[in-house]
Amino acid sequence: MPSQLKLTELISEEALSVKVREIGRALSDKYKGKEVVAICVLKGSFMFYADLIREINADVVSEFFGVSSYQNSSRSSGEVRLTLDLHSPIEDKHVLLVEDIVDTGLTMNYLQKTLAARKPKSLTTCALLLKPSCLKVECHVDHIGFEIPDEFVVGYGLDYQGYFRNIPYIAQVEGLI
Ligand code: PRP
């Protein structure tokens, strides 16, 4: 039961908000006077995405891309599954990919390859969290919010077995086997 797990705050709401504004400013400079297709990678990045796009001062078009590799486990299956495709083509568009976390890097790697094959004008990647010690594949991320240790984290969109996405800060989960 999720209520039996102990959560310890790792990144506060205030720290998240400061970082989101900082990344938003950098993206506003980058896309000034341009149109950008901002892609929310479901489900985990929905909260970060919603906050981030409100900080981008440019013409933003929202798109949603569904991928899953953890399927209710705390370990990556190693196989990325597409669960929802984009609504419109991104060829010749400036594209911003918004992820919540890069852990093994398999999902980010898959997303970059999949989107690059659709020939956008530019592709910028952004992830709120990165676990450098867990990377299994090389993947470059343009904007990273926080580097965190190899701990299972939830909140601000990230889940454990579907729970805790609504917690407004990032927390470490104690007591997982
Ligand atoms: C999580 C997270 C990233 C991915 C990162 O998604 O949202 O997309 O894993 O892990 P990786 O770097 O090891 O590939 P998950 O499969 O849990 O789906 P969800 O976002 O719907 O919770």
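Counting starts at 1 for both ligands and their atoms, in listed order.
Legend: salt bridge (Lys or Arg N to Asp or Glu O under 4.0 Å) pairs involving residues 109-118, not counting sequence neighbours, sorted by first then second residue: Asp85-Arg118. Among residues at least two apart or in separate chains, ring-ring contact (aromatic ring centres under 6.0 Å, His included) pairs with a member in residues 4-55 are Tyr49-Phe64.
For a threshold of 3.5 Å applied to N or O pairs, the pair formed by Gly105 and ligand 1 contains at least one separation below that value. Polar contact with ligand 1: present for Gly44 (N/O pair, distance under 3.5 Å).
Hydrophobic clustering, with ILVMFWY side chains joined whenever heavy atoms are under 4.5 angstrom apart, groups Val67 together with Val95.
The OG atom of Ser68 sits 8.0 Å away from atom NZ of Lys43, with the distance rounded to the nearest 0.5 Å.
For Arg165, the heavy-atom gap to ligand 1 drops under 4.0 angstrom.
Heavy-atom contacts of Ser68 reach the following atoms of ligand 1: 16 (O) (cutoff under 4.0 Å). Interface of Thr104 with ligand 1, defined as ligand atoms under 4.0 Å from a residue heavy atom, comprises 11 (P), 12 (O), 13 (O), 14 (O). The Glu99 neighbourhood of ligand 1 comprises atoms 3 (C), 7 (O), 8 (O), with distances under 4.0 Å to a heavy atom of that residue.
Across all non-hydrogen atoms, the minimal contact from Gly44 to Asp100 is CA-OD2, 3.2 Å.
Residue Asp159 touches ligand 1 through its side chain alone, judged by heavy-atom distances below 4.0 Å. No part of Gln161 comes within 4.0 Å of ligand 1, judged by heavy-atom distances. When non-hydrogen atoms are compared, ligand 1 lies under 4.0 Å from neither the backbone nor the side chain of Met108. At a heavy-atom distance under 4.0 Å, atoms from both the backbone and the side chain of Thr107 approach ligand 1.
Ion pair Arg25/Glu22 not flagged as a salt bridge, since none of the NZ, NE, NH1 or NH2 atoms sits closer than 4.0 Å to an Asp/Glu carboxylate oxygen.
For Asp142 and Thr125, the side-chain atoms include at least one donor-acceptor pair closer than 3.5 Å.
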